[in-house]
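To keep things clear, I will list the structure first and then write my remarks on it.
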Number of protein chains: 2
Amino acid sequence: MPTLQDVARIAGVSRSTVSRVINDHPSVDPRTRRRVQRAIKQCGYRPHAIARSLATKRTRIIGMIIPEAVSRLFTDPYFALMLRGATDACNRSGYQLILSLFTASVDSKTMHDRIVHNGYVDGVLTANTCLDDGLVPRLLDTGIPFVTIGRHPDARVSYVDVDNIGGARMATEFLIHLGHKRIGTITGPLNMTPAQDRLTGFLKAMGDNGLPVPDALIVEGDFTEAGGRAAMARLLEERPTAVFVASDSLAIGAVKAIQGAGLRVPEDISVIGFDDLPSAASLEPALTTVHQPIEGLAQLAVEVLIDRLKRRVQNGIAVQRVVLPTELMVRRSCTRPS
Amino acid sequence: MPTLQDVARIAGVSRSTVSRVINDHPSVDPRTRRRVQRAIKQCGYRPHAIARSLATKRTRIIGMIIPEAVSRLFTDPYFALMLRGATDACNRSGYQLILSLFTASVDSKTMHDRIVHNGYVDGVLTANTCLDDGLVPRLLDTGIPFVTIGRHPDARVSYVDVDNIGGARMATEFLIHLGHKRIGTITGPLNMTPAQDRLTGFLKAMGDNGLPVPDALIVEGDFTEAGGRAAMARLLEERPTAVFVASDSLAIGAVKAIQGAGLRVPEDISVIGFDDLPSAASLEPALTTVHQPIEGLAQLAVEVLIDRLKRRVQNGIAVQRVVLPTELMVRRSCTRPS
DNA sequence: AGCCTCCTTGGAACCGATCCCAAGTATACC
DNA sequence: GGTATACTTGGGATCGGTTCCAAGGAGGCT
């Protein structure tokens, strides 16, 4: 592997000058620049990222942290879409993404230290943090720039999120407008903000329309299909005519539970989900759900993070927050109550 | 951030000595060692990975490349499991994983150069390469250590794989033993070796049992649910009594196509899949399929790669290949022909 | 013609570690 | 007591870049 020194020798200039050419520094004579560029081509030189990082203290690597609590859910297509969005944005900007799934085999403090303190990452992206897993406070402590996907209540945290409250309200109002009055909900784990927000939106819609929500009509699930099935089994005893389910995976389980009990969707019970996973449209019946732009959200998160990394040099550090809108996808799983 | 120098000053020794303590070099007086360790604790020193990498020429980072051709399939839970296996193995060994999904936004040669030539990765893992995407030849060219998940025909390539031929044969023989004679298959994209191998296993089982396989009973799919649906639609015209489908995602589509045509699984047509995705057991009907240990395979791939990285120092370079067995998961989607 | 500027360029320090080599010290042996 | 040996330790070069600073040279102005 040729180094700067080699190029310099071939072009008959100093390392400094070659470095300037590589980095598009303006103060290089055009003739010299061409000569250096020829030399670079000739010997197939490529800048050594590690050496460069040591000097500049920037690696152009972003760490993506998925906390252990949700890594069980990792097979949900939600994460694949998120990763695709994030990597795509990184590709465009010439950044690399280190993926760090916290798993049971190593304790999370060690994992955190490894990724944050070893100097390999300029900044961190984190998704689906639980309020009680301590990740965000630790990140704040270290002072490393980071952006969360999904809002976090701490005022110092920059995040990107979708309008979960608005989306949930929209979904619930859709059910209400269809004529439903006895509407249940299956929530996500309530230590996660998206789950909280979707519940909030649901309650707001119900409240605004003067509909009571007895506690028994609210069942906490865990964002998995199995969880949806179990939650729906309990909810069935309350005989709701419609259910707002906080994620599509949960909704898939809920539909199975309903059908398993010999009831039909939507004729006996209407079901509305949240996420609009790719499979939602091809379920039987096709799932009415709230679309959230997962890939776009992850892309945006990367862009916001990179923006922060650049500004940091200029000492601009104001918290940034972006919330994207959701969209109701009306399909077959909801109808008027009989 | 404190550096080696700072620790050295506090402990009253030289950088060299601190370095020896950090790296567990034996020739350090126990008393000195303790003194240095106290100094390290006291100032919260952590080795700077970048600087260390520059000196040692090893980063403890592995690059995982998913070629563009399959990044469309990326929402298949298969990839999530693979990533989880790979990251978990990395966590255990103290390695980091850079995830590189080749996407349309950047051409694949550029992507390849970025990840391979910038010095950030010690080695590369690659999954589901197509025979015609040129990735493997390029990797061979650069001389970087790499391991593919899924076999590659080139004799110089180290890989881990599951016994696709054996699994496919086992599945097909299961159908044959049930009494089926007119058995169709939906294959994956035949420019991918797993798809080829599963077809080979199918044909071998059929041939060994003296059953003819007219061309019309072989339909190429693309490993997606929609592809499975389309392929099955064509296959239905041939009236097979059973179908061996080369992946669970394809099988899900196939089942839907069968049900959509007013036929029942397994009463009218038996369906057997391949992969044993987490959802296979909870489908309606539960899918009989060939289990492959995806997470374990990815873990193994990481281990083999790390092993190669270590041996490389010792100039051991023999190609390594491992093939794991598969297992038949008998569920409800297959029965005797009527 | 002389002086001042601006543009280019090279030199050297630096980023934070590793590691070889030589020197110093303690122990053992004769 | 002197010398050989083993064990510790420090110094300095090195990895491959970036960047500050100073110097040289060309061009412009009076």
Side-chain angles (χ1 to χ4, degrees), chain A residues 1-37 39-40 43-61 94 114 116-122 310 313, chain B residues 1-37 39-40 43-61 94 96 114 116-122 309-310 313:
Chain A
M1 274 286 150
T3 70
L4 258 199
Q5 188 65 266
D6 301 323
V7 177
R9 196 156 24 227
I10 295 175
V13 296
S14 70
R15 294 196 337 268
S16 314
T17 301
V18 180
S19 176
R20 289 189 194 99
V21 171
I22 304 278
N23 295 294
D24 281 326
H25 194 87
S27 74
V28 176
D29 185 281
R31 287 192 313 266
T32 312
R33 181 181 301 273
R34 273 195 298 278
R35 199 144 41 91
V36 170
Q37 278 161 343
I40 290 176
C43 66
Y45 167 80
R46 293 164 190 285
H48 187 29
I50 301 279
R52 183 181 281 194
S53 295
L54 182 59
T56 60
K57 301 186 168 308
R58 309 169 89 262
T59 59
R60 297 181 79 85
I61 296 180
R114 269 193 207 157
V116 170
H117 287 299
N118 68 4
Y120 269 140
V121 304
D122 286 343
K310 288 190 177 139
V313 182
Chain B
M1 275 284 145
T3 70
L4 260 199
Q5 188 64 264
D6 301 323
V7 177
R9 196 157 23 227
I10 295 175
V13 296
S14 70
R15 289 188 347 262
S16 312
T17 301
V18 180
S19 175
R20 289 189 194 98
V21 172
I22 304 279
N23 295 293
D24 279 326
H25 194 86
S27 73
V28 176
D29 186 280
R31 288 191 314 265
T32 312
R33 182 182 300 275
R34 273 195 299 278
R35 198 144 41 91
V36 170
Q37 278 161 342
I40 290 176
C43 66
Y45 166 80
R46 294 165 190 284
H48 188 26
I50 301 278
R52 181 182 280 194
S53 296
L54 182 59
T56 60
K57 302 187 168 309
R58 310 170 88 263
T59 59
R60 296 183 80 84
I61 297 181
Q96 303 282 354
R114 269 195 208 156
V116 171
H117 287 300
N118 69 4
Y120 269 141
V121 306
D122 286 343
L309 296 177
K310 289 191 176 137
V313 181

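Predicted, not measured: the structure shown is a model, and the values here were computed from it. In what follows, chains carry the letters A, B, and so on, assigned in the order in which the sequence lines appear, proteins first and then strands, with residues in each chain numbered from 1.
- Between Thr17(B) and Arg20(B) the shortest side-chain heavy-atom distance falls below 4.5 Å.
- If you check dG16(C), dT9(C), dG17(D) against the side chain of Leu54(B), the one that comes closest is dG16(C).
- Look at Lys57(A) and you'll find a side-chain N or O under 4.0 angstrom from OP1 or OP2 of dG16(C).
- On a pure distance criterion of 3.5 Å, a polar donor-acceptor pair joins the side chain of Ser16(B) and the base of dC19(C).
- Going from atom CG of Asp24(B) over to atom P of dC19(C) covers 13 Å, rounded to whole Å.
- Protein atom CG of Leu4(B) is 15 Å distant from nucleotide atom C1' of dG11(D), rounded to whole Å.
- Rounded to whole Å, the distance from CZ on Arg9(A) to P on dT9(C) is 19 Å.
- Looking at Arg15(B), its side chain has no donor and acceptor atom pair within 3.5 Å of the base of dG10(D).
- The phosphate of dG10(D) (OP1 or OP2) has a side-chain N or O of Thr17(B) nearer than 4.0 angstrom.
- In this structure, CZ on Arg60(B) lies 9.5 Å from CG on Leu309(B), to the nearest 0.5 angstrom.
- Taking only side-chain atoms of Ser27(B), from C-beta outward, the nucleotide of dT9(D), dT18(D), dT18(C) with the closest atom is dT9(D).
- Between the CE atom of Met1(B) and the P atom of dC14(C) there is a distance of 22 Å, rounded to whole Å.
- Using a 4.0 Å heavy-atom distance criterion, Thr32(A) is classed as a sugar-phosphate-only contact.
- Atom OH in Tyr120(B) sits about 15 Å away from atom P in dG16(D), given to the nearest Å.
- Within the 4.5 Å cutoff, no side-chain heavy atoms of His48(B) are placed close to those of Thr3(B).
- Judged by atom type and distance alone, Thr3(A) does not reach the base of dG17(D) through any side-chain donor-acceptor pair under 3.5 Å.
- Along DNA chain C, the nucleotide closest to Arg20(B) and the one closest to Pro47(B) are compared, and the more 5′ of them pairs with Pro47(B).
- Atoms NE2 (His48(A)) and C1' (dA17(C)) sit 13 Å apart, rounded to a whole Å.
- Atom pair Arg31(B):CZ and dC7(D):C1' shows a separation of 12 Å (rounding to whole Å applied).
- Two residues are said to be in side-chain contact when any heavy atoms from C-beta on lie closer than 4.5 Å; Arg33(A) and Asp24(A) meet this criterion.
- An OP1 or OP2 oxygen of dT9(C) is reached within less than 4.0 angstrom by no side-chain nitrogen or oxygen of Ser14(A).
- Rounded to whole angstrom, the span from the CD1 atom of Ile50(B) across to the P atom of dT18(C) amounts to 14 Å.
- Of the candidates dT8(D), dG10(D), dG17(D), the closest approach to any side-chain atom of Asp29(B) belongs to dT8(D).
- A donor-acceptor distance shorter than 3.5 angstrom exists from the side chain of Asp29(A) to the backbone of Arg31(A), with no hydrogens or angles considered.
- Nucleic acid contact for Arg46(A): sugar-phosphate only, since backbone atoms but no base atoms lie under 4.0 Å from a heavy atom of the residue.
- In this structure, the side chains of Ile22(A) and Ile40(A) come closer than 4.5 Å at one or more pairs of heavy atoms.
- The phosphate of dG16(C) (OP1 or OP2) has no side-chain N or O of Arg52(B) nearer than 4.0 angstrom.
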